[in-house]
Amino acid sequence: MTPILEARGLSRAFGHVQALDNSDFDVNAGEVVALIGDNGAGKSTMVKALSGNLQLDSGEILFEGKPVHMTSTQQVAAMGIEVVYQDLALAPHLDPAENVFLGREIPAKGIAGWLGFMDNKQMRRKARASFDELGATVRSMTSPVGSMSGGQRQGIAIARAIAWASKVVFLDEPTAALGVVQTKNVLETIKKVRDRGVAVVLISHSMPAVLEVADRVQVMRLGRRIATYTAADTSVEQLVGAMTGALEVSDGRDAA
Amino acid sequence: MSTLETTDTGQPVDRQETGESWIKKMTGAQSVWILGVLVVIIVFFAITGGRNFFSASNFLQISQNLAVLAVLGVGVTFVIITSGIDLSIGSVLTFSSVIAAKVMEAMGGQGWGTALVGLLVAIVSGGAWGWVNGFLVAKAKVPALIVTLGSLSVALGLAQVITGGIDIRAVPTALADFAAYDKILGIPGLAFVALIVVIVGGIVLHRTRFGRYTFAVGSNEEAARRVGVKVDRQLIYIYLMTGALAGLGATMYLAQFTTTTIAGNTLTNLNVIAAVVIGGTSIFGGEGSMFGTVVGLFIPAVLQTGFVIIGVEPFWQGVAVGIVLVAAVYVDQTRRAAALRGARKNRRAARSAATAK
Ligand SMILES: Nc1ncnc2c1ncn2[C@@H]1O[C@H](COP(=O)(O)OP(=O)(O)OP(=O)(O)O)[C@@H](O)[C@H]1O
Ligand SMILES: [Mg+2]
């Protein structure tokens, strides 16, 4: 089976920091892949590379088996790839629905839509529905998101990504600011999204969460993927060992 | 494909929710507060000045005097919401009025034909300055303050070079009559034009995608970029529009005074910016309203006429406006800081809850 999204030998340096060092990555449709690694291992940089937000020094990206050049966020969004960034990337002065639909506003019907008017009611209704589906506790649909709690904002960012992703969704530490119930909701939603046939890439420092939802776990260290595990036959100790370098591992490619 | 395109729960929209947000968007908390200030000022002068102040003719006179500033204020409101600034509007107005007056002088007619050509020329030359500003801000990434300080100087300098510093008094009678005598629906001509521009500007800002992107760019430029908003193009359009409105303002100015005023617009930019900011548009971007700008324009104008009527030296107007400006921004900032503190507290609580488990 060809991975829906695959990275081969990606490299990118920031000054003398080799953020990505000839690293591979792959994810299949209908699969949850956890991407783990210590702080600064290069996880967020990998996500940026795979979502058209990073100029690469070298390497190749394949989408549905074909090489692609990711040049703009619009292009990546049109491919059905969505990202929840670690910093959420919401506009704090806009309300939840305005954020969910930012850049993809539903035009009003007829000539009004052609003039640039929007169907705010419909956008608000649909945004509400996607928050409810996620179980996100968005209490006010009219307050600016900047006035909301970290968890609420995270819920909004996740709902936005999941709502638009048809092929791949990246979640960079999506549960970091969430309460117990909300974390559970997000993990349940990840499973639901996977069952829809979407590939989910989950970045998380919470090993129990990773082992609960992931089908495979890929470990990064110092800018490269050093190991891939099947979640079912691995343990927290093994993952932590690989992450910190206490455990000698090899991706196979390097050994060959 | 994706849920947002397919899910339609048919859930009824909470009417109150949408209604409330619409009013809130149209007005904004700060502009409601500042409207209260305006009302207090009006009541004060109505009591002390009596019918001399509180009359339809006085208010029509005030709106006529505000017309040009209001047209400029529409553009500047957009610019400031993007967290930009445009210091050049006064000079661009002067420049455009000089070019338009030159063209109308060369054409020589006194009718609407000449006037309309003059209007077009003014809008195009104002728009050209706006485009230059927008291009340098968006593409060359020079701070808006510096870009527009530069174009302020260059536009004024060129206006002086072109005229040799001598004002041109070549305004077709059609245009002058429009400002002096014509009324549309009982409203003086210039005030009517300004009203239309303000209403259209308000609708574009608060009801259309263009307006939403304006707020988004000012709120979080990076977030807007990531979801595919063409941020650079948005900025260029906004500065271009502001310049073009300065061109329209130039024509209105010519109509009102029947001469260019090369030395007369040095404080126009600051007056307009002050009005926009008094009206609750945040210089940090992401927040503001057209309604607030209108209120912000009226406060200094009402103060000025009020002082004249009750016999206070009009110089006090400057003192009063300066105090209102700083007070308005101070109140705005404390409100904002309080909101932010609340959000941060929530976030910290959420995080400690997450780590506690
Ligand atoms: N824009 C940048 N400029 C300079 N250095 C960068 C930039 N982006 C990433 N880096 C560096 O690249 C390395 C990898 O960063 P990255 O954000 O990918 O780590 P991460 O695995 O996501 O870590 P964390 O778990 O802390 O989020 C770090 O050393 C970081 O300092
Ligand atoms: Mg990261």
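The chains referred to below are lettered A, B, ... by the order of the sequence lines, with proteins before strands, and numbering in each begins at 1. Every value quoted in this text rests on a predicted model; they were computed, and no experiment measured them.
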*Asks:* Counting heavy-atom pairs under 4.5 Å to chain B, which of A/Arg104, A/Gln75, A/Glu105 comes out on top?
*Replies:* A/Glu105
*Asks:* Could you tell me if B/Arg225 and A/Asn53 have a donor-acceptor pair between their side chains, going purely by distance under 3.5 Å?
*Replies:* no
*Asks:* Looking only at heavy atoms, what is the nearest atom pair of A/Leu94 and B/Ala216, with distance?
*Replies:* CD1-CB, 4.0 Å
*Asks:* Mind listing the closest non-hydrogen atom pair of A/Leu115 and B/Thr208 along with its distance?
*Replies:* O-CG2, 4.4 Å
*Asks:* For A/Phe117, does the six-membered ring have the charged nitrogen or CZ of B/Arg209 within the cation-pi criterion, i.e. under 6.0 angstrom from the centroid and within 45° of the normal?
*Replies:* no
*Asks:* Do B/Arg207 and A/Asn120 have side chains that get closer than 4.5 Å, going by heavy atoms?
*Replies:* yes
*Asks:* Is the number of heavy atoms from other residues, nucleotides or ligands under 6.0 Å of A/Lys66 NZ greater than 12?
*Replies:* no
*Asks:* With heavy-atom distances below 4.5 Å as the criterion, would you say the side chains of B/Val227 and A/Arg160 are in contact?
*Replies:* yes
*Asks:* Around atom NZ of A/Lys192, are there more than 12 heavy atoms from other residues, nucleotides or ligands closer than 6.0 Å?
*Replies:* yes
*Asks:* Name the option with the most non-hydrogen atom pairs under 4.5 Å to chain B; the candidates are A/Ala89, A/Pro107, A/Ala77, A/Gly113.
*Replies:* A/Ala89
*Asks:* So which of B/Gly228, B/Ala223, B/Ser219, B/Gly286 has the largest heavy-atom pair count under 4.5 angstrom toward chain A?
*Replies:* B/Ser219
*Asks:* If you count the non-hydrogen atoms of other residues, nucleotides and ligands that lie under 6.0 Å from NZ in A/Lys109, is the total more than 12?
*Replies:* no
*Asks:* Hey, is OH on B/Tyr330 packed in by over 12 heavy atoms from elsewhere, all under 6.0 Å?
*Replies:* no
*Asks:* Using non-hydrogen atoms and a 4.5 Å limit, figure out which bit of A/Leu102 sits close to chain B: side chain, backbone, both or neither.
*Replies:* both
